[in-house]
Amino acid sequence: QVQLVESGGGLVQAGGSLRLSCAASGLSFSTYDMGWFRQAPGKEREFVAASRWNTGTTYYAASVKGRFTISRDSAKNTVYLQMNSLKPEDTAVYYCAAKTGRGTVMSRNEYAYWGQGTQVTVSS
């Protein structure tokens, strides 16, 4: 079955960096769009970043553009989220997700598979 396993979360001071990883199995990784979402306490799950499988185009939420970078390694079936210049408002559980089809990469409803999430906490 499909599994997405995130890792790399933790506690970091404001201005610091973290790199999240998401290892995928049970799917043809190179033909899936991959996305990162996050959910803070009391808030809805929101789009963070995504990568199209066919064009390599990347997309970012306005709140993270210029600070976060999504990348993927098809040889390792892994997608990464490099997070720099972290802010306390980046604190959330971060989820990896996978989708097929031509729908928008920014809507969580388009994604069929999800990881269990990894906690990122940024202290001020």
Q: Could I get the full list of side-chain hydrogen bond (donor to acceptor under 3.5 Å, both in side chains) partners for Ser123, not counting sequence neighbours?
A: none

Q: How would you list all residue pairs meeting salt bridge (Lys or Arg N to Asp or Glu O under 4.0 Å) that involve residues 54-69, not counting sequence neighbours?
A: Arg67-Asp90

Q: Which atom names give the shortest non-hydrogen contact between Tyr111 and Ala50, and what distance separates them?
A: OH-CB, 3.7 Å

Q: Could I get the full list of salt bridge (Lys or Arg N to Asp or Glu O under 4.0 Å) partners for Glu89, not counting sequence neighbours?
A: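 Glu89 satisfies salt bridge (Lys or Arg N to Asp or Glu O under 4.0 Å) with no other residue.
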
Q: Out of curiosity, Ser30 OG to Asn54 CG, how far, rounded to the nearest 0.5 Å?
A: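 Those atoms lie 11.0 Å apart.
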
Q: Please list all pairs passing the side-chain hydrogen bond (donor to acceptor under 3.5 Å, both in side chains) test where one or both residues lie in residues 3-16, with sequence neighbours left out.
A: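 Found Glu6-Gln116.
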
Q: For residues Thr78 and Ala23, report the shortest heavy-atom separation together with the two atoms involved.
A: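 For Thr78 versus Ala23, the nearest heavy atoms are OG1-CA, 4.0 Å.
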
Q: Tell me if a side-chain donor or acceptor on Thr118 pairs with a main-chain N or O of Gly9 at a distance below 3.5 Å.
A: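 Here the side-chain-to-backbone pair exists.
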
Q: Show the atom names and distances, to 0.1 Å, of all donor-acceptor pairs under 3.5 Å that link a side chain in residues 99-107 to residues at least two apart or in another chain.
A:
{"from": "Lys99", "atom 1": "NZ", "to": "Asp33", "atom 2": "OD2", "distance (Å)": "3.0"}
{"from": "Lys99", "atom 1": "NZ", "to": "Gly101", "atom 2": "O", "distance (Å)": "3.1"}
{"from": "Lys99", "atom 1": "NZ", "to": "Gly103", "atom 2": "O", "distance (Å)": "3.1"}
{"from": "Thr104", "atom 1": "OG1", "to": "Met106", "atom 2": "N", "distance (Å)": "3.1"}
{"from": "Ser107", "atom 1": "OG", "to": "Asn109", "atom 2": "N", "distance (Å)": "3.3"}

Q: Which residue pairs satisfy the salt bridge (Lys or Arg N to Asp or Glu O under 4.0 Å) criterion with at least one member in residues 103-124, sequence neighbours excluded?
A: Glu44-Arg108

Q: Checking one residue: Tyr60. Which other hydrophobic residues are in its cluster under the side-chain 4.5 Å linking rule?
A: Val2, Leu4, Val12, Leu18, Leu20, Leu27, Phe29, Tyr32, Met34, Trp36, Val48, Val64, Phe68, Ile70, Val79, Leu81, Met83, Leu86, Tyr94, Tyr113, Val120, Val122

Q: Sequence neighbours excluded, which residues qualify as ring-ring contact (aromatic ring centres under 6.0 Å, His included) partners of Phe47?
A: Phe37

Q: Sequence neighbours excluded, which residues qualify as side-chain hydrogen bond (donor to acceptor under 3.5 Å, both in side chains) partners of Asn84?
A: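 For Asn84, the residues satisfying side-chain hydrogen bond (donor to acceptor under 3.5 Å, both in side chains) (neighbours in sequence not counted) are Ser17, Gln82.
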
Q: Indicate yes or no for a side-chain donor-acceptor contact from Ser63 to the backbone of Ala61 under 3.5 Å, with no hydrogens or angles considered.
A: no

Q: Restricting to pairs with a member in residues 70-124, which pass disulfide (SG to SG under 2.5 Å), not counting sequence neighbours?
A: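 For residues 70-124, and leaving out neighbouring residues, the disulfide (SG to SG under 2.5 Å) pairs sorted by first residue read Cys22-Cys96.
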
Q: For Ala112, what residues pass the side-chain contact (heavy atoms from CB on, under 4.5 Å) criterion, not counting sequence neighbours?
A: none

Q: Are the side chain of Thr91 and the backbone of Pro88 linked by a donor-acceptor contact shorter than 3.5 Å?
A: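 Looks like yes, one N/O pair under 3.5 Å.
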
Q: Partners of Ser71 by side-chain contact (heavy atoms from CB on, under 4.5 Å), sequence neighbours excluded?
A: Tyr80

